[in-house]
Amino acid sequence: MTELECLPYAVGHGGEGLCLVVRLGNHRVMLDCGLRNLSVLEDAPWVNPATPSARFGPPSRPKLPADWAICSHAHRDHARGLLALHDRFPGLPILASGETAQLLPTNWLDRPLASIPLFCQALPWRSPVALADNLTVELFPSGHLPGAALTLLRYQRPSDRTGRSREYSVVYSGDFFLSNGRLVEGMPLTEVRGLEPDVLIVEGSYGSARRSRRRRQENDLADRVSQALAQGRSVLLPVPLLGLGQELLMLLRSHHYFTGREFTIWVDRNVAAGCDAYLSILDRLPDSVQNFARHQNLFWDDRVRPLVRRLPEDRSLPLPESTVPGLFLVDDDAPIGQLSDRFCQKGRWLVLLQAAAGGRPGDELPRSATEGDRLLHDTYELSEHSDGLGTLQLIHNLRPQHVVLVHGGVDRLAELASLDELNSRYQIHCPKAGAPLELPIGESFAQPAAPIERYEAELSSSDEGATIHLPDAIAHSPRWKAFAETGLVEVRWQGSDLVLRGLSPREALDRHNAWLDTADLLCCQTCQFYRGQHCRNPASPLADRRVAPDGCCPVYAHNTDPA
C-alpha cells in the first residue's frame, strides 16, 4: 500500500463543487467540501473507521469520511457542504484560516445566523500545527479571496525495521491568484518557493489560456458600464455573494469614470450580507483598504456619489423614478432568466455576466442584435484565478513530484496536462470523482515518456493545389479547437518534413494587413527566412532574433510565394 493516496468525492468539473480526501499513511484529511449532497460520503468504497485525532480530540462516531476537514476558503463550491458535514459528523474537526471561519456563515443565509454553530476551528498563518504526532498542517495566503489558503501537510512515516523514516508532504493550492485584487493581496509566491512537495494538488480553472492584466480588465469593464449608463441603460450584474461582488463595489466607487457621478448602486440582500461579512474582518484586509475605510465607509455610503444602498426585498424596482439608470449587484445563484424577469421589466437594461473560467467574453450568452434593443446581454472578464501562465509559475516554483489537476473543465485540464513542459518534469494526473488515485513516491523522479498522438492522413494533388485529408479522430483532441480557431494554418518545410501550425486570430489579422502593405517592399515580411516574427537566415546579423515586419538586412531573400 502506498503512503499517499487521493480519494476524490468531487473534482470541480462543470458546476460541481470540490471535495477531496488525501490519505497520508493511516491519516485521512478532507480538503474542502463543496458537495450539494453528502450521500456520496457514505457510499464511497474507501470509507473506513476513523483513527483518533491527537491534536483536536478523537472523532466520536465511526465511519467518518476523514479524520479532519480543512476548508481552503469560503466560496460555495468549496464550502457549502461543511454545515451539513458538521451536522452529520459532529465529531469531525473542521479547520480553516480565521478569516475563512468568519466568512463561512454566508453560505447558509437561508438559516438564521444565531442557529449556525461555530463549528470551524481557526488555524494561524505560516505556523505548523500538529494534527497528530506525525502529521502537521500549515496555511499560506493564496490570494483570490480574504482568508483563502494554500495548505501544506507534512507526514512523518514511522521508522521501519531498518530504522529509516521518511517525511511526505502534500500541498493543496485551493483557488489561488498571484495578482492583487481590490480587497485581497495576491499569493506571496516567495513564501512557498522551493517547498518541493511530493504531491501538489492544484486548480486549473483557466487551463493553459492566457489572460490580460487585471487592471486592464477593470478598465474595460468600467468603460462598458460607463457607456451603458450614458445611454440611459440600467446595468444588472449577477455576482457571487462573496468576492466578486465586493471587488466590483470597490472598483465602481473608486474608478475615475464614476467618482462623483449621479447614479445609485443597489445591492441585494445576499451580496449585502457578503459585504457585512467583509466588514467583520476589516482589520485583516490589506492596509490600503483599511486606510480607505478610515475616511469613508467601505461599502455603504449615502453622501459620496455614486451612492451605495441596500436593495429592498419587497419591490423589483426600488426607485420611484424607475427611468433613472442605476446599477444592480445581485446574487448569481438564481438563473439569469429569473433575474431578468425580476428586474428588467421596465426601462432599458444591460445584463453583464462574468465570462466563464477558461472561456472568452461572449461565449456564454448571445448578444442582442442592435444597441436599440430594450434588453442587451454581454459578458466581461475579471479574473479571480491565475491563468495558465500563473499555474505553470506556481508548479515550477514548488517543484513537486506529482501534480494533480482539479477544479476546471475537462478540456481545460486536459490542455494543461498535455503541455510538454509539465509532462517532461512531473507526473501529471487528472482524477475522476469516485476513482481512487494512488501516488507512489520514489526517492528520485523518473517521468515516463509522454504518449505521442499519431494520425494517418491522406494526400491528394491536382492542378488546383494539394489537399491533406485528416481523420475525424483528430478533431476530438482538446487541442483541435485552438488549432482550427481561424481555419488558417501556416505551412513550412522542416527538412523533409512538412509542419502545419494553426494561426491565432491576431496572427491572421496582422499577417493579412502586413501583406497588404508590404507585398512589394524589400522588408523582413517578404523575406523567405522570416518565420514566426523571427529571422531564420543564419547569414543575417538578425539571425534568431525577433524582428519587426518592416525591417530589412543586407542578405534579404525575396519570398516568391508569400501565401
Side-chain angles (χ1 to χ4, degrees), residues 71-76 78-79 82 95-109 112-114 116 118-127 139-150 174-177 179-188 191 214 218 237 239-255 258-259 264-311 327 329 331 382 384:
C71 180
S72 64
H73 64 289
H75 273 153
R76 287 173 177 142
H78 293 257
L82 287 175
L95 318 171
S97 68
E99 295 90 329
T100 295
Q102 288 190 246
L103 295 177
L104 279 177
T106 57
N107 285 281
W108 308 288
L109 295 177
L113 185 61
I116 300 176
L118 300 177
F119 59 83
C120 186
Q121 304 178 47
L123 294 176
W125 292 111
R126 308 175 181 89
S127 179
L139 300 185
F140 297 89
S142 65
H144 179 69
L145 186 75
L150 175 144
D175 287 353
F176 75 98
F177 196 25
S179 302
N180 291 335
R182 294 270 170 172
L183 292 165
V184 60
E185 294 177 346
M187 172 190 281
E191 295 185 8
R214 172 71 178 238
E218 290 181 348
L237 281 163
V239 294
L241 61 90
L242 278 181
L244 184 61
Q246 291 72 36
E247 290 278 327
L248 286 176
L249 265 182
M250 287 295 293
L251 169 64
L252 296 169
R253 295 195 63 201
S254 58
H255 198 279
F258 308 110
T259 303
T264 301
I265 302 172
W266 296 94
V267 184
D268 85 346
R269 169 182 174 270
N270 288 356
V271 181
C275 295
D276 294 338
Y278 266 65
L279 294 176
S280 71
I281 59 169
L282 179 59
D283 60 332
R284 281 167 281 182
L285 296 181
D287 291 341
S288 59
V289 178
Q290 296 184 44
N291 184 59
F292 181 94
R294 292 188 186 100
H295 299 87
Q296 63 186 92
N297 194 291
L298 198 60
F299 300 118
W300 314 115
D301 204 326
D302 281 326
R303 298 178 297 107
V304 180
R305 297 184 181 276
L307 307 181
V308 183
R309 296 174 177 170
R310 298 174 189 264
L311 183 65
L327 193 146
L329 289 175
D331 189 0
L382 195 63
E384 297 180 280

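The structure presented is a predicted model; accordingly, all values stated were derived computationally and were not measured.
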Do H144 and E384 make a side-chain contact, defined as non-hydrogen atoms from C-beta onward lying under 4.5 Å apart?
yes
State, yes or no, whether a side-chain contact exists between L109 and L241 at a heavy-atom distance under 4.5 Å.
yes
With a 4.5 Å heavy-atom cut-off, do L242 and H75 have their side chains touching?
yes
At what distance, to the nearest 0.5 angstrom, does CG of L183 lie from CZ of F292?
9.5 Å
Flag side-chain contact, heavy atom, 4.5 Å: R253 against Q296:
yes
Heavy atoms only: give me the nearest A122-G98 pair and the separation to one decimal.
CB-CA, 3.7 Å
Got a second to check how far D331's CG is from L311's CG, nearest 0.5 Å?
12.0 Å
What closest approach, in Å, do N107 and A79 show between heavy atoms, and which atom pair accounts for it?
ND2-CB, 4.0 Å
Do F119 and L82 come within less than 4.5 Å of each other through their side chains, counting heavy atoms only?
yes
Tightest non-hydrogen contact, residues T259 and S254, listed as OG1-O, 3.9 Å
I'd like to know if the side chain of N180 and the backbone of G186 have a donor-acceptor N/O pair within less than 3.5 Å.
yes
Flag side-chain contact, heavy atom, 4.5 Å: P306 against L252:
no
Checking side-chain contact (heavy atoms from CB on, under 4.5 Å) for the pair L285/L298: CA distance, chi angles, key distance, verdict?
CA-CA 11 Å; L285 296 181; L298 198 60; 4.2 Å; yes
Taking every non-hydrogen atom, the tightest pair across A149 and S142:
N-OG, 3.3 Å
Less than 4.5 Å apart, side chain to side chain, heavy atoms only: is that true for W300 and D276?
yes
Of all the heavy-atom pairs spanning C71 and L104, show the shortest one and how long it is.
SG-CD2, 4.1 Å
Answer yes or no: is there a donor N or O on one side and an acceptor on the other, between the side chain of Q290 and the main chain of D283, under 3.5 Å?
yes
Dump the intermediate steps for side-chain contact (heavy atoms from CB on, under 4.5 Å) on V184 and E247, then the final yes or no.
CA-CA 9 Å; V184 60; E247 290 278 327; 4.2 Å; yes
Starting at CG of L248, measure out to NE2 of H255 and round the result to the nearest 0.5 Å.
12.0 Å
Look up atom CG in L329 and atom CZ in F299, then write down how far apart they are to the nearest 0.5 Å.
11.0 Å
Rounded at 0.5 Å granularity, tell me how far CG in L382 sits from CG in L244.
6.0 Å
Hey, is the main chain of G147 close enough, under 3.5 Å, to the side chain of S97 for a donor-acceptor pair?
yes
Rounding to 0.5 Å, atoms CG (L237) and CG (D268) come to a distance of 11.5 Å
Begin from the C-alpha positions of L150 and F176 and carry the test side-chain contact (heavy atoms from CB on, under 4.5 Å) through to its verdict.
CA-CA 8 Å; L150 175 144; F176 75 98; over 6 Å; no
In terms of the angle between their ring planes, are H73 and H78 parallel, tilted or perpendicular, with boundaries placed at 30° and 60°?
tilted
Considering all heavy atoms, the nearest W125-A148 contact:
CH2-O, 3.5 Å
Within a 6.0 Å radius of atom CG on D287, are there more than 12 heavy atoms belonging to other residues, nucleotides or ligands?
no
Can you confirm whether R309 sits close enough to D301 that some side-chain heavy atom of one is under 4.5 Å from a side-chain heavy atom of the other?
no
